[in-house]
**Student:** 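Take this structure, written in C-alpha cells, and hold onto it; I'll ask about it next.
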Amino acid sequence: MITADFISREIEQIKGQRYQLLIIPERKVNKPEILGCLKQLNIPILNLSLILSEQLKSVPEQKRPREVSSTLRQVIHRYDTDVICFEKMEYLFDPELKQDPLRLLESLSGNKVLIVLWPGEVQDNTLTYATPEHPEFYQKQGSEQYIMRI
C-alpha cells in the first residue's frame with residue numbers, strides 16, 4: 001500500500017537533482033489509491049494527452065513536434081507548485097509528434113518535480129510502451145533512477 005508519506009519521501013529524495021523526475025509504473029499500483037495520495041498532497045494531476053491534443057489541434061501537423069515541449073512547459077509554469085503529475089500520456093508516443101518521451105520528461109523536470117504515471121511496462125531499468133510491432137512502440141533502458149520502487 002502506497003501512502004502520501006511514502007510519496008512525499010520519494011519527492012524529497014529527488015528534489016534538487018538535475019532531473020526531478022519520478023515515474024510510477026501505472027500497472028503495478030492501485031491507480032485510484034495513487035491519485036488519492038497525490039490529491040491529499042495537493043499535487044495537480046494533469047491529463048497530458050488531453051492538454052496536448054487541445055493545444056496542438058490548431059497547429060499544422062508538420063509543426064507539432066516542435067511545439068510539444070514549449071506547450072507542456074507553458075502548462076507546467078501555470079501552476080504555482082513545486083510538484084506536478086502527468087497521467088494519460090499516450091498521445092506523447094504518437095509517431096506524428098516525433099518525441100522521445102523520456103528525454104522530453106527529463107527536460108521538463110528541471111525546475112519542478114514531475115511525477116509521471118507510466119502507462120506501459122516497467123521491468124528492471126527498462127521502460128516500455130506498446131509492443132515492438134506497434135507504431136507507437138517505445139523502449140528506453142537506463143531509467144532506474146526515475147522509477148518509484150513499489
Side-chain angles (χ1 to χ4, degrees), residues 1-56 64-131 134 136-150:
M1 182 170 147
I2 295 180
T3 64
D5 287 339
F6 177 78
I7 293 173
S8 289
R9 284 192 302 275
E10 292 287 316
I11 290 169
E12 287 305 314
Q13 287 181 4
I14 63 169
K15 276 189 175 177
Q17 293 182 10
R18 181 175 181 197
Y19 300 121
Q20 301 176 101
L21 180 60
L22 184 59
I23 295 174
I24 299 176
E26 195 172 297
R27 294 184 182 172
K28 292 186 179 182
V29 296
N30 178 334
K31 188 173 178 181
E33 181 180 79
I34 291 289
L35 294 176
C37 291
L38 296 173
K39 287 177 184 172
Q40 184 181 344
L41 295 168
N42 296 316
I43 296 172
I45 302 164
L46 309 177
N47 181 329
L48 187 141
S49 292
L50 180 62
I51 290 167
L52 280 179
S53 62
E54 287 176 345
Q55 297 293 317
L56 298 178
R64 289 178 185 166
R66 292 180 292 208
E67 296 295 322
V68 172
S69 178
S70 62
T71 297
L72 291 176
R73 201 170 300 284
Q74 288 171 10
V75 168
I76 288 171
H77 288 305
R78 287 185 203 143
Y79 290 85
D80 187 27
T81 178
D82 293 342
V83 184
I84 299 277
C85 176
F86 280 141
E87 68 164 344
K88 300 180 181 171
M89 58 178 280
E90 288 82 357
Y91 184 35
L92 204 54
F93 298 97
D94 191 310
E96 86 167 5
L97 295 182
K98 299 176 182 152
Q99 298 296 309
D100 178 332
L102 185 61
R103 185 169 290 154
L104 173 65
L105 295 169
E106 285 174 340
S107 74
L108 295 171
S109 70
N111 295 321
K112 292 188 184 212
V113 173
L114 188 58
I115 298 174
V116 176
L117 296 178
W118 187 263
E121 296 294 326
V122 177
Q123 295 223 324
D124 301 319
N125 66 346
T126 303
L127 297 171
T128 307
Y129 179 77
T131 56
H134 195 279
E136 295 181 353
F137 176 69
Y138 177 81
Q139 187 173 50
K140 194 72 151 190
Q141 292 183 324
S143 310
E144 66 273 358
Q145 72 269 28
Y146 306 128
I147 301 169
M148 180 187 283
R149 298 294 168 199
I150 313 286

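Keep in mind it's a predicted model, so treat the numbers as computed, not measured.
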**Student:** Should we count CZ of Arg73 as having more than 12 external heavy atoms under 6.0 Å?
**Tutor:** yes
**Student:** May I ask you to say whether Lys15 pairs ionically with Glu12, meaning some side-chain N is under 4.0 Å from a carboxylate O?
**Tutor:** yes
**Student:** For residues Pro65 and Gln99, report the shortest heavy-atom separation together with the two atoms involved.
**Tutor:** O-NE2, 3.0 Å
**Student:** For a 4.5 angstrom cut-off between non-hydrogen side-chain atoms, does Tyr138 reach Asp100?
**Tutor:** yes
**Student:** Rounded at 0.5 Å granularity, tell me how far CG in Leu50 sits from NZ in Lys88.
**Tutor:** 8.5 Å
**Student:** Distance check, rounded to the nearest 0.5 Å: Ser143 atom OG versus Asp124 atom CG?
**Tutor:** 11.5 Å
**Student:** Is it the case that Tyr91 and Glu96 place a side-chain donor and acceptor less than 3.5 Å from each other?
**Tutor:** yes
**Student:** Determine whether Asp94 and Leu52 make a side-chain contact, defined as any pair of heavy atoms from C-beta on separated by less than 4.5 Å.
**Tutor:** no
**Student:** Does any part of the side chain of Val75, heavy atoms only, come nearer than 4.5 Å to the side chain of Ile84, both counted from C-beta?
**Tutor:** no
**Student:** With a 4.5 Å limit on heavy-atom distance, are the side chains of Ile7 and Met148 in contact?
**Tutor:** yes
**Student:** Calculate, to the nearest 0.5 Å, the distance between atoms OG and CD belonging to Ser69 and Gln74 respectively.
**Tutor:** 10.0 Å
**Student:** Roughly how far apart are Glu87 CD and Asn47 CG, rounded to 0.5 Å?
**Tutor:** 6.0 Å
**Student:** Could you check if a side-chain atom of Glu67 sits within less than 4.5 angstrom of a side-chain atom of Gln55, using non-hydrogen atoms only?
**Tutor:** no
**Student:** Taking C-beta and beyond as the side chain, do Phe93 and Pro119 meet within less than 4.5 Å on heavy atoms?
**Tutor:** yes
**Student:** Can you tell me how far apart CD1 (Ile24) and NZ (Lys31) are? Round to the nearest 0.5 Å.
**Tutor:** 11.0 Å
**Student:** Given the rule in the side-chain contact (heavy atoms from CB on, under 4.5 Å) test, do Glu90 and Tyr129 qualify, once you have shown the distances and angles that lead to the verdict?
**Tutor:** CA-CA 9 Å; Glu90 288 82 357; Tyr129 179 77; 3.2 Å; yes
**Student:** Could you check if a side-chain atom of Leu21 sits within less than 4.5 angstrom of a side-chain atom of Leu102, using non-hydrogen atoms only?
**Tutor:** yes
**Student:** Taking all non-hydrogen atoms of both residues, which atom of Gln141 and which atom of Thr126 are closest, and how far apart?
**Tutor:** CG-OG1, 3.3 Å
**Student:** How long is the straight-line distance from CD1 of Ile147 back to CD of Gln123, given to the nearest 0.5 Å?
**Tutor:** 10.5 Å
**Student:** So Ile11 and Asp82, do their side chains get closer than 4.5 Å, heavy atoms only?
**Tutor:** no
**Student:** Using every non-hydrogen atom in the two residues, find where Gln145 and Gly142 come nearest and quote the distance to one decimal.
**Tutor:** OE1-O, 3.3 Å
**Student:** Test side-chain contact (heavy atoms from CB on, under 4.5 Å) on Leu38 and Val83; report intermediate values, then the result.
**Tutor:** CA-CA 10 Å; Leu38 296 173; Val83 184; over 6 Å; no
**Student:** Show the atom names and distances, to 0.1 Å, of all donor-acceptor pairs under 3.5 Å that link a side chain in residues 109-118 to residues at least two apart or in another chain.
**Tutor:**
residue: Ser109; atom: OG; partner: Gln20; partner atom: N; Å: 3.3
residue: Ser109; atom: OG; partner: Leu105; partner atom: O; Å: 3.4
residue: Ser109; atom: OG; partner: Glu106; partner atom: O; Å: 2.8
residue: Lys112; atom: NZ; partner: Ile76; partner atom: O; Å: 3.3
residue: Lys112; atom: NZ; partner: Tyr79; partner atom: O; Å: 2.3
residue: Lys112; atom: NZ; partner: Thr81; partner atom: O; Å: 2.9
residue: Trp118; atom: NE1; partner: Thr128; partner atom: O; Å: 3.1

**Student:** Stepwise, does the side-chain contact (heavy atoms from CB on, under 4.5 Å) test hold for Leu72 with Val68?
**Tutor:** CA-CA 6 Å; Leu72 291 176; Val68 172; 4.1 Å; yes
